Protein chains: 2
Amino acid sequence: MALSRTSLETAIHEKIRSSGLRLTMPRRAICSVLSAHEEEFLTTSEILSAVEMNGLAIDPSTVYRTLDDFAEIGLVHHIHLGSQPGQWHLTVDHDHQHLVCESCGRTTLVPTIEIEPLFEVLRRSYGFHASLHHFAILGTCADCEPSDGHPHG
Amino acid sequence: MALSRTSLETAIHEKIRSSGLRLTMPRRAICSVLSAHEEEFLTTSEILSAVEMNGLAIDPSTVYRTLDDFAEIGLVHHIHLGSQPGQWHLTVDHDHQHLVCESCGRTTLVPTIEIEPLFEVLRRSYGFHASLHHFAILGTCADCEPSDGHPHG
DNA sequence: GTCGCAGATGCAATACTTCGCAAAAACAAC
DNA sequence: GTTGTTTTTGCGAAGTATTGCATCTGCGAC
Ligand SMILES: [Mn+2]
Ligand SMILES: [Mn+2]
Ligand SMILES: [Zn+2]
Ligand SMILES: [Zn+2]
């Protein structure tokens with residue numbers, strides 16, 4: 001079962017401290033936003049806006065640096081859903097992959113466990129272990145693919 | 001068989017004209033560079049440098065806009081091999097996909113025809129037609145994956 | 001060839017991201 | 001609590017990408 005929001009934040013703070021990073025106001029502020037939006041993917045500017053809505057002021061450069069620092073300790077990562085800037089979220093419970101339709105923009109979530117077997121072939125043929133956490137899979141969804149028996153409307 | 005460089009450029013010019021775009025000096029200059037580096041993937045700044053080395057001067061914003069225009073008519077596209085800026089090339093003869101090792105940076109090319117069947121499952125389960133031309137597949141190569149019987153050295 | 005106009009360009013302004021550095025804060029030792 | 005060391009921050013500057021707009025140009029009509 002999922003952690004409550006406050007115990008999630010506590011666990012995050014633990015991880016920051018135990019990784020040798022200091023627990024500062026900007027880092028708390030960013031953690032708070034990420035915890036409150038656990039189901040979403042936020043851009044740096046969305047994170048910054050949310051921090052400001054909480055009545056706190058931090059510098060944009062601090063947001064960029066903090067996210068990079070958090071990524072280094074495995075606390076967060078970002079994905080690219082298209083040509084847009086990366087979108088960030090907590091790494092915990094991130095067990096799905098994104099199919100993004102280049103035509104209508106819709107995103108479909110697919111459990112990672114369904115995707116991983118596809119890449120088994122790459123492992124066998126090339127010894128290459130694909131990691132599926134950085135880029136979405138782009139393409140055309142059922143509704144937008146005219147020849148597929150799933151027409152729009 | 002591949003076209004010679006001059007007939008490749010002629011074919012490109014044809015495509016520009018027939019798509020309703022005008023054939024201007026900056027566009028010729030960029031086409032020339034792309035044709036001369038048909039086997040490579042160039043960033044916008046590499047393209048700009050190459051244009052300047054040919055004794056021509058165009059504005060950076062023109063490079064961005066031209067590449068976007070060319071992409072719209074299917075003449076070029078770009079890929080992201082990692083966190084770096086996108087890399088551009090002519091669309092003709094682009095029949096492979098990139099496996100990029102996040103550990104050592106090496107890129108392995110895989111024929112697209114080998115990869116497409118993997119995504120057949122997504123089509124059957126989700127009606128999603130994956131297009132494999134925008135993002136590289138990131139992961140760990142055989143040499144960098146310690147537990148795989150392909151140690152470094 | 002000239003003319004006219006839609007489309008393309010250069011330039012400046014803006015937006016977004018990264019970097020260097022001095023000041024400030026975290027935190028361990030006392 | 002105070003002190004000292006190291007990390008982190010905000011700020012300014014630099015680097016990179018995008019946008020608006022006046023000027024220029026490709027090219028079709030004549
Ligand atoms: Mn892109
Ligand atoms: Mn990225
Ligand atoms: Zn769609
Ligand atoms: Zn490697």
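Reminder, nothing fancy here: chain letters follow the sequence lines and each chain counts from 1. Note that the coordinates shown come from a computational prediction; the quantities given were computed from them, not determined experimentally.
- At whole-Å resolution of the value, CD1 in A/Ile73 and P in D/dT8 are 10 Å apart.
- Remark: B/Thr62 is in phosphate contact with C/dG10, judged by side-chain N or O atoms under 4.0 Å from OP1 or OP2.
- Residue contacts for B/Arg28: at a heavy-atom cut-off of 4.0 Å it reaches no nucleic acid atom on any strand shown.
- In this structure, A/Ile47 atom CD1 and C/dT17 atom P are separated by 11 Å, rounded to whole Å.
- Nucleotide D/dT18 holds its P atom 7 Å from the CG atom of B/Asp68, rounded to whole Å.
- A/Thr44 comes within 4.0 angstrom of the backbone, heavy atoms only, and of no base.
- Side-chain atoms of A/His96 and A/Thr112 include no donor-acceptor pair closer than 3.5 Å.
- Checked options B/Leu56, B/Val63, B/Thr62; the residue passing with B/Pro26 is B/Thr62 (criterion: side-chain contact (heavy atoms from CB on, under 4.5 Å)).
- Spacing between atom CG of B/Leu23 and atom C1' of D/dC27 amounts to 11 Å, rounded to whole angstrom units.
- Between the C1' atom of C/dA28 and the CZ atom of A/Arg17 lies a distance of 11 Å, rounded to the nearest Å.
- Close to D/dG26, at under 4.0 Å from its OP1 or OP2, lies no side-chain N or O of B/Arg27.
- When the nucleotides D/dT8, D/dC27, C/dG10 are ranked by their closest atom to the side chain of B/Ile58, C/dG10 comes out on top.
- Residue A/Ser61 is classed as a base contact, given a heavy-atom separation below 4.0 Å to a base.
- Across all strands shown, A/Pro26 has heavy atoms under 4.0 Å from sugar-phosphate atoms exclusively, and none from any base.
- Distance B/Met25 CE to C/dG7 C1': 16 Å, rounded to the nearest Å.
- Contacts of A/Arg65 with the nucleic acid, taken as non-hydrogen atoms under 4.0 Å apart, include base atoms.
- In this structure, a donor-acceptor pair under 3.5 Å is absent between the side chains of B/His37 and B/His89.
- Rounding to whole angstrom units, CG of residue A/Asp69 and P of C/dC19 are separated by 13 Å.
- Aromatic pair A/Phe41/A/His98: centroids less than 6.0 angstrom apart.
- OP1 and OP2 of C/dG7 both lie 4.0 Å or more from every side-chain N or O belonging to B/Thr24.
- Atom C1' of nucleotide D/dT8 and atom CZ of A/Phe70 are separated by 12 Å, given to the nearest angstrom.
- In terms of polar N and O atoms assigned as donor or acceptor, the side chain of B/Arg22 comes within less than 3.5 Å of the base of C/dA6 in a complementary pairing.
- The backbone N or O of A/Lys15 sits less than 3.5 Å from a side-chain atom of A/Ser18, completing a donor-acceptor pair.
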